[in-house]
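Here the structure is laid out as C-alpha cells; the discussion comes afterwards.
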Amino acid sequence: MPLPCDLDSMTTKSESKRPAYGHRELIRVPNIADHFHTNEPPDDPDAQLFSQTLRYATDREPFLQEEVRYLETILCQRLEELSRVQQTIRQYKFVLSPVRRLPRELLMEIFFQAIGNEDSEDVLDFDRGLWPLTHICRLWRTLILNHASFWTTVSLPGRIRYPTYAVHILSLFLERSGSRPIFVDFTCRDLENLPQTLFSVLVAHSHHWETCRFRIPVLLINHLSPRAIERAKVLRHLDLNLDLMYSSRLSDACSNLFVDASVLRSVKLTGVPLTPDTLGLRWSYLTHYNVAQDFPEKHLAVLRLATGLVECTMNCSQPWRQEPWGSDPVSLRKLQILKLEGTASVLLKYLFTPNLCSLSIVLSETEDSLKGFLDRSKPRLRELEIEANPMGNNILDALQSAPHLIKLALNVSVPTDYRQSIVFKDLLVALKYHTRDDASDSTTTKCKLSRLEELILSVYTISSRDNLFANELTAMAVSRWKVPGKEREGTEQNLAQLKSFTLETNSYWLPAFNVFKELDQEGLKTNIYLH
C-alpha cells in the first residue's frame, strides 16, 4: 500500500530548531469526501490509510505553528522598520520641500491670490481669512504681520452677538494696515448688541477709507458729524444702505458729512432720502451714480448737478408723483452706461446723452420714451437690453433709431392674443437679413441692425402652448449667419455676421433644433434654454 504522504520530505521539530523559511510541504490526503455522506465506518484498508494520514498531519501541525510564529515576528519587525522609514521619508521631504526655497515675494503673491479668491471674511473670525495663515510657521506669520497690504480689507458682517475681544481685534487689525488705504465693509443689524466703541474705532480711521460699504440703521449715521469723518481725503467709493425706521430721518448734521471727500467718484445709495444737499456729496465730481428712490423726480435735481457721470444706474419703485412738465433736458455728455430699473424709464424724456454706448431699460407696453430719447440724443449705442412685459410696438420703433447696435438683449413676454403676439413676429421679420431674391417682395420689411453680432432673446408666454413663431425665428437666425456681405445689389450697406445667439423660452412651439445644431457646428455660438 502506498504511503499517503512523502515521509522523507517532512521536516519535524527534532530535525531543525528553526523552520525552513519559504519551504513549503505538500501532504497528499486520500479522498475522504465520500464518507461524509454516510454513518457507515470505513473498511479496514481505508481506516488504516486514514489513521496514517491523521498521524502525519498531527506531527506536521506543531512545525507549521512554530513557522507561523516566526513569520509573525519577522512581519512585526518589518512593519516597524517600514513605519520608521516612512516617517524618515516624510520628515526629510518636509525639510527638503521646494516651498522652503520660494522667495518671499512669491510667497506673498500666493497669499494674496489665496485670500483674493475668497469673499471678504469677518475679521473677528479666527478660522477664516488671514488668521489661519499666521499659524502655519514663524516665517509665514512674520511675512503677514509685517506686510500692511494684508490688513487693508476690514469686513464686519452683521452679527447677533459680538465677542468680548471685538474692539481690541478691530483696533489691532486697523493698526497693522499702517497708512494704506483700506476697504471697509460694515453691517449692523441691531444697535443693542453693537459694542459702543466698535463703530467709533472704524470712524477714527476714516482718513484711510478708500472704499466704504455701510449697511446700517439711520440712528447710527446720525451719531456721526462732519468732524468725525472730515479726514476722509482718500475716499473714492461710497456704498451706503440705510435702514430708515418708522418716523426716523437724517439729522441736519448729516448734510455735510462728506463735504471734504474731494476724491469721491462713485456712490451707491439705498434708503437715503435724495436731495442736492444729501450727505454733502459733491455731485459734479462723481463719475458713477447708483441710487434707488421711490419717485423719479428725485433723481432729476441731482442729475442736473452730476454732469460728469460716466456710468449711471437709477431705480424707482413708483411713477411720477409730480412730473416736471416743460423742464429742460438734463445734459450728460460724458455718460456711457445707463441702467434704468423699475419705473425709472420715464426719466428718458428728460435726458440728453450723445455719447451713450450701453443702455438697459424696463419698458411698459405703451411707453414711447425710448424712441424719443434715441432720436433726441442720437447716441452710437452699441449695447441695448430691454425688459418688456408685455411686449409692444414701441420696441420695434425704437430699434429703428439704434442702427449701430452690436449686442441686443430682449426679455419679453408675448401676449396670448394673436393680434398682439404678431408684434413679436414683426420683430423677427425686421431682424432677418434679406437676399436679392427678396427685393421684389413689396411686403419685405427693411433690414435693421446690420452691425449686430450678439442676440439674446428671453421670450415667455402666458401659456407654454402659445405660438412662438418658430419658423420666423429660425429663418432670422439662419439669415444672420449665412447672408453676410452686401444686403442687395447696388447698396453700400455691409451686413455683419451674427456670432452668438441665445434663446430662452417656455413655449412648446420650438424651432427646429437640428438647424441650430448645424449652425453651432458651423461656428455660430448657440445656446438654447427651455423652461
Side-chain ([X]) to main-chain ([Y]) donor-acceptor, under 3.5 angstrom:
X: R100; Y: F94; value: yes
X: K298; Y: F295; value: no
X: R376; Y: L351; value: yes
X: T526; Y: L524; value: yes
X: D520; Y: F516; value: no
X: T353; Y: N355; value: no

May I ask you to test the [X]-[Y] pair for a side-chain heavy-atom distance under 4.5 Å?
X: L305; Y: S284; answer: no
X: P217; Y: L242; answer: no
X: V201; Y: V167; answer: yes
X: L309; Y: T307; answer: no
X: N527; Y: F501; answer: no
X: L238; Y: F258; answer: yes
X: V123; Y: L156; answer: yes
X: V291; Y: H299; answer: yes

Counting heavy atoms not belonging to [X], are there more than 12 under 6.0 Å from its [atom1]?
X: R282; atom1: CZ; value: yes
X: H404; atom1: NE2; value: yes
X: K349; atom1: NZ; value: yes
X: Q91; atom1: CD; value: yes
X: R161; atom1: CZ; value: no
X: R138; atom1: CZ; value: no

Verdict with reasoning, R304 to D328, per salt bridge (charged side-chain N to carboxylate O under 4.0 Å, His left out): CA-CA 10 Å; R304 294 187 186 281; D328 295 332; 5.9 Å; no
Criterion side chain to side chain contact (heavy atoms under 4.5 Å, CB included) on L338 and L348, from CA distance to verdict: CA-CA 10 Å; L338 177 61; L348 282 179; 4.1 Å; yes
From CA spacing to verdict: side chain to side chain donor-acceptor pair (under 3.5 Å), Y350, E297: CA-CA 10 Å; Y350 298 101; E297 61 267 20; over 6 Å; no
What are the two closest heavy atoms between [X] and [Y], and how far apart are they?
X: T275; Y: W283; answer: O-CZ2, 3.8 Å
X: L124; Y: P163; answer: CD1-CD, 4.2 Å
X: S369; Y: S345; answer: OG-O, 3.5 Å
X: T505; Y: V459; answer: OG1-O, 2.9 Å
X: E454; Y: L452; answer: O-CD1, 3.6 Å
X: A402; Y: L374; answer: CB-CD1, 4.3 Å

Measuring from [X]:[atom1] to [Y]:[atom2], what's the distance to the nearest 0.5 Å?
X: E311; Y: S266; atom1: CD; atom2: OG; result: 8.0 Å
X: C188; Y: L198; atom1: SG; atom2: CG; result: 9.0 Å
X: L240; Y: I216; atom1: CG; atom2: CD1; result: 6.0 Å
X: I456; Y: S500; atom1: CD1; atom2: OG; result: 6.5 Å
X: L503; Y: I528; atom1: CG; atom2: CD1; result: 4.5 Å
X: L107; Y: E109; atom1: CG; atom2: CD; result: 11.0 Å

Residues K371 and D397 bridged, charged N to O under 4.0 Å: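 So K371 does not pair with D397 through a salt bridge.
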Presence of salt bridge, D294 and R321, under 4.0 angstrom: no
Any side-chain donor near an acceptor of the partner, [X] and [Y], under 3.5 Å:
X: S401; Y: D375; answer: yes
X: T152; Y: S149; answer: no
X: N411; Y: E387; answer: no
X: N389; Y: S413; answer: yes
X: Q497; Y: Y433; answer: no

Criterion salt bridge (charged side-chain N to carboxylate O under 4.0 Å, His left out) on K499 and E453, from CA distance to verdict: CA-CA 5 Å; K499 296 180 179 179; E453 297 180 357; 3.7 Å; yes
Identified ring pair (Phe, Tyr, Trp, His ring centres under 6.0 Å) partner of W140 from the options F111, W131, F150: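 With W140 as partner, ring pair (Phe, Tyr, Trp, His ring centres under 6.0 Å) holds for just one option, F111.
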Check against side chain to side chain contact (heavy atoms under 4.5 Å, CB included), L300 and L347: CA-CA 8 Å; L300 283 179; L347 292 168; 3.8 Å; yes
Derivation of the ring-ring contact (aromatic ring centres under 6.0 Å, His included) call for F183 and W151: CA-CA 9 Å; F183 170 85; W151 307 92; over 10 Å; no
Passing option when H205 is tested against L170, V184, L174 for side-chain contact (heavy atoms from CB on, under 4.5 Å):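 Considering L170, V184, L174, a side-chain contact (heavy atoms from CB on, under 4.5 Å) with H205 is found only for L174.
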Audit row: L427, L399, side chain to side chain contact (heavy atoms under 4.5 Å, CB included) steps and yes/no: CA-CA 10 Å; L427 173 66; L399 291 180; 3.6 Å; yes
Intermediate values then yes/no, side chain to side chain contact (heavy atoms under 4.5 Å, CB included), K407 and L455: CA-CA 6 Å; K407 177 182 178 180; L455 178 60; over 6 Å; no
Plane angle bin for F214 and W209 - parallel if under 30°, tilted between 30 and 60°, otherwise perpendicular: perpendicular
Near-ring test F112/H147, centroid separation under 6.0 angstrom: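 Yes; F112 has its ring centre under 6.0 Å from that of H147.
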